[in-house]
Number of protein chains: 2
Amino acid sequence: MNTLAEENYLKSIYHLSLNAENVSTNQLAAFINTKASSVTDMLKKLADKGLINYTPYQGVTLSKAGEKIAVNIIRKHRLWEYFLVEKLDFKWDEVHEMAEEMEHISSNELIDRLDKFMGYPKHDPHGDPIPDCNGLFKIHNLKPVSAIGVHEGGVICGVRDHSPAFLQYLEKQSLIIGKKITVKEINEFDRSVILQTAGKELQISREVANNLLIAL
Amino acid sequence: MNTLAEENYLKSIYHLSLNAENVSTNQLAAFINTKASSVTDMLKKLADKGLINYTPYQGVTLSKAGEKIAVNIIRKHRLWEYFLVEKLDFKWDEVHEMAEEMEHISSNELIDRLDKFMGYPKHDPHGDPIPDCNGLFKIHNLKPVSAIGVHEGGVICGVRDHSPAFLQYLEKQSLIIGKKITVKEINEFDRSVILQTAGKELQISREVANNLLIAL
DNA sequence: AAATAAATTTAGACAAGTCTAAATTTATTA
DNA sequence: TAATAAATTTAGACTTGTCTAAATTTATTT
């Protein structure tokens with residue numbers, strides 16, 4: 001088995017790999033909230049274990065083995081988030097920190113049974129896909145609201161920013177997963193967006209539009 | 001907050017305190033599966049934190065603060081065991097190791113909601129009492145089967161030995177929590193006990209009788 | 001392409017928790 | 001009660017994961 005720190009590094013490399021081919025030492029340091037020198041030490045260790053592909057000064061990618069572990073941690077994280085929201089009635093902005101601890105509970109049998117208990121959910125409370133017990137999941141092809149034009153629209157299916165502050169804001173505006181929205185107007189001045197939702201009209205900033213994901 | 005190691009020491013001291021006033025360094029070392037010198041180091045640390053009462057060479061007891069933490073960990077352990085058995089269909093001999101990890105999930109809000117979700121159970125799958133959110137619970141007054149005489153009996157309400165091997169044996173013999181039994185005969189030679197249970201007669205060794213707890 | 005800046009790694013140190021071996025204290029026994 | 005045994009603590013070392021400061025490599029700029 002791997003240590004807590006190792007698991008967190010693998011998970012972080014996985015997340016950062018979605019936006020860049022190679023993940024750099026500094027990127028990782030910023031993401032994990034640690035120093036670059038600490039990252040270098042850990043990268044050596046993970047490379048020795050065969051979990052990453054690491055060339056000094058050139059950044060890292062996950063190996064097949066490393067990716068498998070990372071996806072499994074993400075599966076656990078998202079299933080526990082689903083559990084916390086659907087079974088224990090937590091709000092979607094309250095569960096991240098708890099799931100951050102729970103994702104390291106080691107038993108796979110446990111997580112598979114939890115999956116079954118909840119009816120094999122496909123998405124977590126933030127719309128992120130939950131890998132199945134084989135690590136398979138569809139990366140759904142979502143667009144930020146900021147990427148579509150006037151009179152276009154779709155269904156809210158995810159968020160880019162997972163911070164409690166952003167999630168609380170969305171909830172207050174009823175901009176929740178499953179909601180249908182249409183772009184009514186884009187303000188030329190600040191590129192803020194006026195949305196048409198069920199019954200109501202609503203203005204959101206460019207910042208918000210960038211972080212709100214929809215399926216067309 | 002306290003580290004994983006600190007929590008495990010406090011929990012262990014609590015458990016050992018049930019059988020002896022002062023817990024000795026060697027007792028702890030054996031229980032935690034570590035060396036006496038490591039125990040001494042940790043005891044100093046816990047004493048500095050005010051969680052135990054420690055006099056060198058004289059063993060330890062928990063302070064009020066330490067006991068509160070220990071009971072909270074035990075509450076978490078037992079609630080997670082209940083969850084694993086009642087919601088995820090694990091058997092009573094399969095859950096200890098998993099709960100050993102889960103008891104360290106820090107959120108109290110989480111455990112209180114889990115408690116509510118399950119309907120505030122009073123006992124874990126092995127019959128041990130679950131402390132409530134204030135740390136209160138009844139230490140029920142159980143006797144081992146070996147302590148009662150012929151024609152006496154009661155209801156199985158707990159076990160002393162929590163090892164999978166023992167629990168599996170009991171399950172195979174249908175000696176499970178809630179079962180009514182009566183002592184029919186005690187073999188003079190090896191002090192093994194013949195039990196009368198619903199319909200069946202059953203012989204158990206002294207060893208088993210010592211570890212099977214009943215309420216009269 | 002040389003000089004400077006940015007990114008990364010190396011060297012050496014530290015805290016937590018553990019270990020072995022030696023020293024000390026307490027308990028037992030002759 | 002002195003000698004021996006058992007229990008406990010101290011001293012010093014090791015591992016993991018972190019840090020700061022210095023050295024090195026890569027990227028950028030003039």
Side-chain angles (χ1 to χ4, degrees), chain A residues 1-17 19-62 66 69-70 73 100-101 103-104 106, chain B residues 1-17 19-62 66 69-70 73 100-101 103-104 106:
Chain A
M1 251 309 113
N2 306 291
T3 67
L4 183 66
E6 285 168 353
E7 289 194 350
N8 283 331
Y9 272 86
L10 292 174
K11 183 185 60 165
S12 301
I13 295 167
Y14 182 90
H15 284 308
L16 292 172
S17 292
N19 299 318
E21 275 304 296
N22 267 40
V23 177
S24 77
T25 301
N26 270 0
Q27 262 183 298
L28 258 175
F31 193 80
I32 291 176
N33 211 2
T34 186
K35 302 293 166 178
S37 56
S38 308
V39 172
T40 301
D41 288 345
M42 183 58 93
L43 293 183
K44 284 185 203 162
K45 198 176 152 195
L46 292 173
D48 284 347
K49 283 192 160 195
L51 300 177
I52 59 171
N53 309 114
Y54 170 55
T55 317
Y57 297 100
Q58 305 304 311
V60 282
T61 59
L62 289 175
I69 293 167
I73 296 166
E100 208 69 3
E101 287 182 60
E103 71 190 8
H104 301 289
S106 59
Chain B
M1 251 309 113
N2 306 293
T3 67
L4 183 65
E6 286 167 353
E7 290 195 349
N8 282 332
Y9 272 87
L10 292 174
K11 183 184 62 165
S12 301
I13 295 167
Y14 182 90
H15 284 309
L16 293 171
S17 293
N19 300 316
E21 275 304 296
N22 266 40
V23 177
S24 77
T25 302
N26 269 1
Q27 263 184 297
L28 259 175
F31 193 80
I32 290 176
N33 212 1
T34 185
K35 302 294 168 179
S37 57
S38 308
V39 172
T40 301
D41 287 346
M42 183 57 92
L43 293 184
K44 284 185 204 162
K45 200 177 152 194
L46 292 173
D48 283 348
K49 284 192 160 195
L51 301 176
I52 59 171
N53 309 113
Y54 170 54
T55 318
Y57 297 103
Q58 304 304 312
V60 282
T61 59
L62 289 175
I69 294 168
I73 296 165
E100 208 69 3
E101 287 183 62
E103 71 190 7
H104 301 289
S106 59

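Residue numbers start from 1 in every chain, and the chains themselves are labelled A, B, ... in the order their sequence lines are given, proteins ahead of strands.
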Using Watson-Crick geometry (N1-N3 plus N6-O4 or O6-N4) or G-U wobble (N1-O2, O6-N3), each under 3.5 Å, C/dT8 is paired with D/dA23
Counting N and O atoms only, with roles assigned by atom type, does the side chain of A/Gln27 sit under 3.5 Å from a partner on the main chain of A/Leu16, one being a donor and the other an acceptor? no
Treating A/Glu101 as the side-chain partner and B/Ser106 as the backbone partner, does any N or O pair qualify as donor plus acceptor under 3.5 Å? yes
5' precedence on DNA chain D between A/Gln58 and A/Ala36 (nearest-nucleotide basis): A/Ala36
Winner on side-chain proximity to A/Ser37, out of C/dT8, D/dT8, D/dC19, is D/dC19
With a 3.5 Å distance limit and no angle check, can you tell me whether B/Asn8 reaches the backbone of B/Ile32 through a side-chain donor-acceptor pair? no
Comparing B/Ser24 with A/Ala5, nearest DNA chain D nucleotide closer to 5' gives the residue B/Ser24
For D/dT9 and B/Tyr54 - does any side-chain N or O of the residue sit under 4.0 Å from the phosphate oxygens OP1/OP2? yes
Choose from C/dT10, D/dT10, C/dT26 the nucleotide whose nearest atom is closest to any side-chain atom of A/Asp41. C/dT10
Looking for any heavy atom pair under 4.0 Å, which part of the strands does B/Ser38 touch: base, sugar-phosphate only, or nothing? base
Taking only the side-chain heavy atoms of A/Tyr57 (C-beta and beyond), determine which of D/dC19, C/dT8, C/dA16 contains the nearest atom. C/dT8
Selected nucleotide, minimal atom distance to A/Lys35 side chain, candidates D/dC19, C/dT10, C/dT24: D/dC19
A/Lys44 NZ to D/dT18 P, in whole Å, measures 14 Å
Is the phosphate of C/dT8, meaning OP1 or OP2, less than 4.0 Å from a side-chain N or O of A/Asn26? yes
More than 12 heavy atoms from other groups under 6.0 Å of NZ on A/Lys49: yes
For A/Thr40, answer base if it contacts any base atom (sugar-phosphate contacts may also be present), sugar-phosphate if it contacts only those atoms, and nothing otherwise; contact means non-hydrogen atoms under 4.0 Å. base
Output the rounded distance in Å from CE (A/Met42) to C1' (D/dT15). 12 Å
